[in-house]
Amino acid sequence: MGHRPLVSVIIPTYNRATSLNVAIESVLKQSFKNFELLIVDDGSYDETKHIISNFKDSRINYLYQANQG
């Protein structure tokens, strides 16, 4: 049976590729490691998806949805 994370960190984003890299790195550098990182993309059309794909960490989950406003 898989190990469940103790904490869920949620980063909502919309066309913030320029600051998303810093936000993700900040979470990954924390000393506490038992977490999942959920990035909820509200329909970005910038480089958001590309930025996230550069991170190879199984704790990162990327969720895309059409823009909800």
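Here the structure is a predicted model, which means the values were calculated and not measured.
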query = When clusters are formed by joining ILVMFWY residues with side-chain heavy atoms under 4.5 Å apart, either directly or through shared neighbours, do Val27 and Val22 land in the same one?
reply = no
ask   = Once you round to the nearest 0.5 Å, how far does CZ of Arg4 lie from CG of Asn34?
value = 11.0 Å
Asp42 (side chain) donor-acceptor with Pro12 (main chain) under 3.5 angstrom = no
message = Between Ile10 and Val40, is the side chain to side chain contact (heavy atoms under 4.5 Å, CB included) condition met? List the steps.
response = CA-CA 7 Å; Ile10 302 170; Val40 182; 4.2 Å; yes
ask   = Just by distance, with hydrogens left out, do Tyr62 and Asp41 show a side-chain donor and acceptor under 3.5 Å apart?
value = yes
query = Got more than 12 heavy atoms from elsewhere within 6.0 Å of OH, Tyr45?
reply = no
ask   = Given the rule in the side chain to side chain contact (heavy atoms under 4.5 Å, CB included) test, do Ile51 and Thr18 qualify, once you have shown the distances and angles that lead to the verdict?
value = CA-CA 9 Å; Ile51 295 294; Thr18 56; over 6 Å; no
message = If we ignore hydrogens and angles and just use 3.5 Å, is the side chain of Gln65 paired with the main-chain N or O of Leu63 as donor and acceptor?
response = no
key: Chi angles and distances behind the side chain to side chain contact (heavy atoms under 4.5 Å, CB included) call for Val9, Leu38   = CA-CA 6 Å; Val9 179; Leu38 306 172; over 6 Å; no
request  = List the atom of Gly43, the atom of Tyr64, and the distance in Å for their closest heavy-atom pair.
outcome  = CA-OH, 3.4 Å
ask   = Pro5 and Phe35: which non-hydrogen atoms are nearest, and at how many Å?
value = CB-C, 3.6 Å
Pairwise side-chain contact, Phe55 with Leu37, heavy-atom cut-off 4.5 Å (strictly under) = no
task = Decide if atom CZ of Arg59 counts as having more than 12 heavy atoms of other residues, nucleotides or ligands within a radius under 6.0 Å.
result = yes
message = With rounding to the nearest 0.5 angstrom, report the CG to CZ distance, Leu20 to Arg16.
response = 11.0 Å
ask   = Quick one: does Lys49's side chain have a donor or acceptor within less than 3.5 Å of a partner on Asp46's backbone?
value = no
ask   = Is atom NZ of Lys33 surrounded by more than 12 heavy atoms (other residues, nucleotides or ligands) closer than 6.0 Å?
value = yes
query = So Ile24 and Ile39, side chain to side chain contact (heavy atoms under 4.5 Å, CB included) or not? Walk me through it.
reply = CA-CA 9 Å; Ile24 294 170; Ile39 302 169; 3.6 Å; yes
